Each structure stands twice: as C-alpha cells, then as structure tokens.
Amino acid sequence: MSTSTPAPLPRASALIDGAALVGRSFRIITRRPEAVISAVIFPLVFALLFLAVFGRVMERQGFVYEQYLLPAIVIQATIFGAIGASILASEDAQGGMCHRLRSMPISRTAAVVAPLGGELIRTVISLAVLIAAGYAMGFRFERGVGLALVFVVVALGCTVAFGLGYLVLGYALGKVEPVRAIAMLVYYPLLLVSSLFVPARAFPDWLQPFVDQQPLSRVSDALRALSTSGTQDVGETVLIAVAWLVGLTVCFALLAPRAFGRSR
Amino acid sequence: MATPMITAAGLQKSFGDVHALRGVDLEVAGGEILGLLGPNGAGKTTTINVLTTLLRPDAGTATIDGVDVLSDPAAARARIGLTGQFAAIDDILTGRENLVLFGRLLKFGRAGARLRADELLSAFDLEDAADRRVSTYSGGMRRRLDLAASMVARPPVLFLDEPTTGLDPRSRRTLWDVVRRLRDGGTTILLTTQYLAEADELADRIVVIDHGSVIAEGTAPELKQRVGGAVCHLAVDEDQVEAVTAALAERWSVTAADGGLAVPAASSTTLVEVVRLLDERRITVADIGLRQPTLDDVFLALTGTSSGESSDPGLEPAGTAP
C-alpha cells in the first residue's frame with residue numbers, strides 16, 4: 001500500500017520540526033475554551049478582585065495600586081503559561097505521543113520545548129490583553145518605550161524559565177492529574193508569599209527574607225522598576241531578576257531533555 | 001533467511017530487580033510479519049522499546065535494515081514506524097490535521113504533507129471522517145489513524161505493540177486486513193500480541209516470549225503441534241470422573257483439564273468416536289466439544305504454568321504500562 005515510491009529518508013531539522021510542533025501545541029491550546037479563560041479572563045478577574053480587596057488599604061499606605069498590581073498580574077499570566085506547558089507535556093507522555101516523537105527522525109530539542117513554544121504564543125496574547133486592560137484602569141509605563149520592551153522580555157523570560165521547570169515535571173511524572181496538583185503546590189506559595197501583591201514588609205519578620213529573595217518577588221520588583229518612575233537601582237534590580245531567570249533556564253534546560261528522553 | 005530487516009541479539013534490560021529482558025534474540029526477514037507472543041510482563045513492549053530507540057538495553061545489539069540501533073539511533077528512526085499500545089494522536093485535532101503534522105515532521109513540505117495525508121486517509125478508509133476531530137472516532141478508526149500516522153514516511157519496518165487490544169471483533173478484522181495489506185506492500189512488521197488467534201491470523205512466524213526470554217519459535221501450526229493440537233474436552237461431574245476416565249483410557253490418553261477431562265483430537269472424528277463410546281457405556285457428561293489450543297495451552301506446554309500465573313501485571317516496565 002502506497003509503498004511504490006520509496007521516499008528519501010527523512011532528516012531532523014530544528015526549524016521545521018519546531019515550527020510544526022509549536023503550531024500543534026498552539027492549535028491544541030486554542031481549541032480548549034479553558035485555555036482562553038485561564039490566559040485572559042482569569043488574570044483579569046484576579047486583578048479586579050485584588051483591586052477591590054487591597055486597593056484602598058494600599059492607597060492609604062501610599063501606593064498607586066493599579067501601578068503596583070499590574071506586574072503581579074502579568075507574572076501570574078506568565079506562570080499560567082508555564083503551567084500550561086507542563087499539562088501539555090504530561091498529556092504527551094501519558095498519551096504515547098512522547099514515544100512516537102522519540103521514535104521519529106526529528107529534532108529532539110524541538111520536540112522537548114514545543115509545548116512551551118505554544119504556551120509562549122498564548123502568553124504574548126495574554127500580556128497584550130492585560131497591559132491594555134491595565135492602561136484602561138490607570139496603569140502606565142512611566143519609563144518609556146525602551147524599558148517597556150524590556151518589561152515584556154523579562155515577563156516572557158519568566159514563562160521560559162518556569163515553563164522549562166514545569167516541562168521537566170510534566171515529562172517526568174507523565175500523568176496529567178498529579179502534574180496539575182504539584183504545579184499548583186509550587187505555584188501558590190511562590191505567588192502569595194511574595195512581594196507581588198503586597199510589599200515584603202507586610203509579612204512577619206521571619207518570612208521577610210524568603211519574600212525578599214524568592215524569584216517571583218525578584219521578577220516583580222524588576223517589572224515594577226521597569227514600569228514605575230521613582231524606583232531606585234533599576235539596573236541592579238533588573239539584573240538580579242534576569243540572573244534568577246537565566247539560572248533557572250539553564251538548570252531546567254539541562255534537565256528537560258533527560259526527562260523527555262525517559263518519558264513513558 | 002535473506003538479509004534480516006530486524007535483528008536483536010542478546011538483549012538484556014533490568015529495571016531495578018526486575019529482569020525485563022534476559023537475552024532476547026530475534027530475526028525478522030524483509031516483508032515478513034513476526035508475531036511476538038507473550039503474556040503481560042513477558043518483555044514484549046520492552047523489546048519493542050529497545051528496537052525503536054526508546055530504551056537503551058543493558059546488553060546486546062539490535063539492527064534495523066542493517067543500521068545499528070544503539071550507535072546510530074537517528075538513522076534507525078528514519079527507517080521505522082511505531083504504533084504503541086495507546087493511540088499517539090491528538091484527540092482535539094482532526095484526522096487530517098494529525099497526518100499533516102507528521103507529514104511536515106517527516107519533511108514532506110506543506111503541500112506534500114497534505115497530499116500524503118489524502119493518500120493515507122483513503123488507504124486507511126478514513127476519508128469520510130478526515131475533517132472530524134479524532135475525539136469523535138470509534139476505537140477502530142483511532143487505531144487505523146494511529147497506524148496511518150506510523151506509515152507517513154513509508155518506513156520499511158513497522159512496529160505494532162498490541163495493535164488490536166480493546167477493539168471489537170469487527171474492528172479487529174478490519175485492522176488485520178490493513179496490516180496484511182502493509183505486509184503485501186513490502187513492509188516488514190513486528191507485532192506483539194497476547195492472543196494466539198491474532199498471531200495465528202497475521203504472523204508468518206511467531207516468537208513466544210516469557211519472563212524476558214524467548215521460549216519457543218515457529219509458525220502457528222508448528223507451535224500448536226507442540227501443544228499437541230486440538231483436544232476433545234469433556235465437562236464431567238465429580239462422581240463420574242472415574243467411570244469416564246476408565247472408558248476413554250481404552251483408546252486415548254486422558255488428561256485432566258480445567259473442569260473436566262481432555263483427550264487429543266487428531267481430527268473432528270475423535271469427537272464422534274468419544275460420543276459414541278460414551279453412549280455405548282450409557283455415560284452422560286455435562287458438556288463435550290472440540291477445543292483448539294489457546295495461548296494458555298501453549299504456555300502450559302512450554303512452561304508448565306498457565307499464562308495467567310506466569311504473568312505479573314506489575315512487570316511491564318516504565319515504557320508503556322497504563
């Protein structure tokens with residue numbers, strides 16, 4: 001059957017394979033209503049809730065809360081993207097797609113990171129919507145277009161760094177439900193015990209070192225420095241955040257292919 | 001055998017204390033269907049995982065079309081198709097989208113991938129469902145699409161891991177036809193199965209594997225011969241066993257079989273003769289009939305344990321167990 005014309009042996013290409021597989025991931029995402037909801041509507045609802053709950057208290061403390069909050073909401077969206085990658089990865093492992101891809105003559109790197117590629121596209125769209133909504137509520141990039149672009153790059157870097165970590169989780173566990181559970185278990189403490197929604201001094205003394213140092217706080221400090229005038233030491237703050245993100249990226253980039261190579 | 005398309009020699013693989021493979025040797029000739037038969041945990045899937053570059057063995061060698069699987073996995077991957085136990089296709093995409101994706105990954109180009117998808121959809125009888133999401137497919141259709149996805153690059157070697165598990169009898173027949181057509185088109189196929197009937201139906205040659213070792217090899221008739229061929233099976237009440245055994249033992253060698261007695265049946269006339277003999281002696285039995293050998297019988301004959309006992313569902317290693 002159809003074997004009359006022997007095809008030339010196929011060869012791996014990171015570019016073609018990457019494009020095809022990222023396209024696949026993104027197409028899968030777009031066909032899931034919950035993916036759209038969690039990318040756009042969820043962060044928006046969170047933003048409104050936090051504004052309602054903390055807005056007045058924070059104003060009294062001297063914060064313009066719209067300005068303070070937007071980086072937090074952006075980070076939330078980038079981590080949603082990262083978690084999405086772990087779900088896609090675990091589905092591939094669970095459904096046998098990892099085995100199929102691993103047995104095909106295609107770029108291993110492309111196959112490993114494709115779920116993250118799809119989630120990055122979603123995150124870009126989600127950032128656009130959130131920043132537009134932020135502008136409607138009063139947020140402004142007070143430091144100009146250049147640093148606004150750096151803001152977006154750092155935010156996407158956050159998706160990449162955490163997304164690679166979540167890919168390791170997804171490939172290694174290979175089952176959707178536990179992956180979802182552990183993803184949240186990592187995410188919520190990092191999200192809430194941080195300077196994302198309230199400044200570090202709002203936490204008890206013994207927690208403050210963690211709140212100050214943990215990567216999501218560092219990234220939110222950087223995003224605030226990049227968007228809000230009057231913040232001190234912009235360069236240093238951004239460098240610390242970038243160092244965190246690069247470090248995590250390198251770490252997880254080394255682990256992800258191994259996890260993929262052992263996936264079910 | 002001419003130049004074999006698939007070879008495995010001395011494959012060993014352990015997962016902790018579990019010896020999944022204890023030195024498996026295989027050869028599959030070009031254009032042949034080899035059935036790898038064994039219970040759960042026998043090492044079938046582990047063997048396939050090694051041959052398809054998914055798993056490195058602890059010892060041994062393997063080649064595909066002359067290419068060393070261990071030293072040149074990329075070249076081996078260019079020569080194989082794999083259909084695993086679980087349909088590795090995207091439910092949320094249409095059948096056509098699935099095939100176009102694999103066409104692109106296999107460097108058919110955008111237009112080429114569309115053409116190839118059309119060819120495969122028609123060859124695997126999926127044209128009508130081409131633009132429906134796979135989530136709406138029946139089990140048989142999913143399997144066919146999965147198989148089509150493995151055949152996109154027309155690989156000379158195809159691996160099928162329990163291709164009909166969970167299918168209804170009609171879908172199973174359809175899939176068997178598809179597999180035979182692939183073989184007739186020149187594809188070399190290694191398939192694993194738990195069912196002797198399936199190996200019987202499809203395989204040119206059968207390798208029986210248990211506890212990670214090859215325990216028998218041959219054509220389906222040869223294997224059945226080793227089991228002793230068909231038997232005449234009698235369901236007998238407890239208090240009748242002695243009388244029936246005495247009567248039958250005059251002409252046949254009687255063995256105890258599950259829930260009754262069995263005598264070898266060289267042909268269907270054996271059944272008639274048994275019935276006549278019992279009738280003459282005015283002995284009635286609960287049930288009587290001819291029974292073809294099953295995988296269980298093959299295992300009983302080959303290992304002294306039934307396949308149910310020799311299998312350990314926990315043994316099929318990481319690779320694929322559900």
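These figures come from a predicted structure and were not determined experimentally. The figures that follow rest on heavy atoms only: side chains count, while hydrogens, waters and symmetry mates do not. Letters go in sequence order (proteins before strands), and every chain restarts at 1.
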Practice prompt. Begin with the C-alpha distance, continue with both residues' side-chain angles, and end with the deciding distance and a verdict on side-chain contact (heavy atoms from CB on, under 4.5 Å) for I16(A) and L105(B).
Written response: CA-CA 7 Å; I16(A) 296 173; L105(B) 288 174; over 6 Å; no
Does any heavy atom of chain B fall under 4.5 Å from the side chain of [X], the backbone, both, or neither of them?
X: R11(A); answer: backbone
X: A110(A); answer: neither
X: S107(A); answer: neither

Worksheet item: Do R100(A) and D146(B) sit within salt-bridge range, that is, some charged N less than 4.0 Å from a carboxylate O?
Response: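 Judged by the 4.0 Å cut-off on N to carboxylate O distance, R100(A) and D146(B) do form a salt bridge.
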Worksheet item: Between R31(A) and D91(B), is there a side-chain N and carboxylate O pair less than 4.0 Å apart?
Response: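 Not counted as a salt bridge, because no side-chain N and carboxylate O are separated by less than 4.0 Å.
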Practice prompt. Over all heavy atoms of both residues, which pair between R104(B) and A19(A) is shortest? Give the atoms and the distance, please.
Written response: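 Minimum heavy-atom contact is NH2-CB, 4.2 Å.
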Fill in: Exercise: identify the closest heavy-atom pair between A78(B) and P10(A)
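Nearest heavy atoms, A78(B) then P10(A): CB-O, 3.8 Å.
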Worksheet entry | Structural part of R183(B) lying under 4.5 Å from a heavy atom of chain A |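 For R183(B), no heavy atom lies under 4.5 Å from chain A.
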Worksheet item: Can you say whether A87(B) sits under 4.5 Å from chain A via the side chain, the backbone, both, or neither, judging by heavy atoms?
Response: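 Looking at A87(B), just its backbone touches chain A.
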Practice prompt. Apply side-chain contact (heavy atoms from CB on, under 4.5 Å) to F102(B) and M104(A), showing your working.
Written response: CA-CA 9 Å; F102(B) 292 115; M104(A) 287 174 70; 3.7 Å; yes
Using a cut-off of 6.0 Å, state whether more than 12 heavy atoms not belonging to [X] lie near its atom [atom1].
X: L49(A); atom1: CG; answer: yes
X: R258(A); atom1: CZ; answer: no
X: R108(A); atom1: CZ; answer: yes
X: R56(B); atom1: CZ; answer: no
X: Y187(A); atom1: OH; answer: yes

Worksheet item: Please walk me through it: do I92(B) and R27(A) pass side-chain contact (heavy atoms from CB on, under 4.5 Å)?
Response: CA-CA 9 Å; I92(B) 209 165; R27(A) 188 174 283 183; over 6 Å; no
Discussion item. Looking at chain A, which one of G81(B), A75(B), S150(B), P156(B) has the largest number of heavy-atom pairs inside 4.5 Å, strictly under?
Written reply: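 Ranked by heavy-atom pairs under 4.5 Å with chain A, first place is S150(B).
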Item to complete: Give the member of T53(B), D90(B), I80(B) that has the highest number of heavy-atom pairs under 4.5 Å with chain A.
Response: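 Answer, by heavy-atom pair count under 4.5 Å with chain A: D90(B).
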Worksheet item: Between T52(B) and R102(A), does any side-chain donor sit less than 3.5 Å from a side-chain acceptor?
Response: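 The answer is no; no qualifying pair exists.
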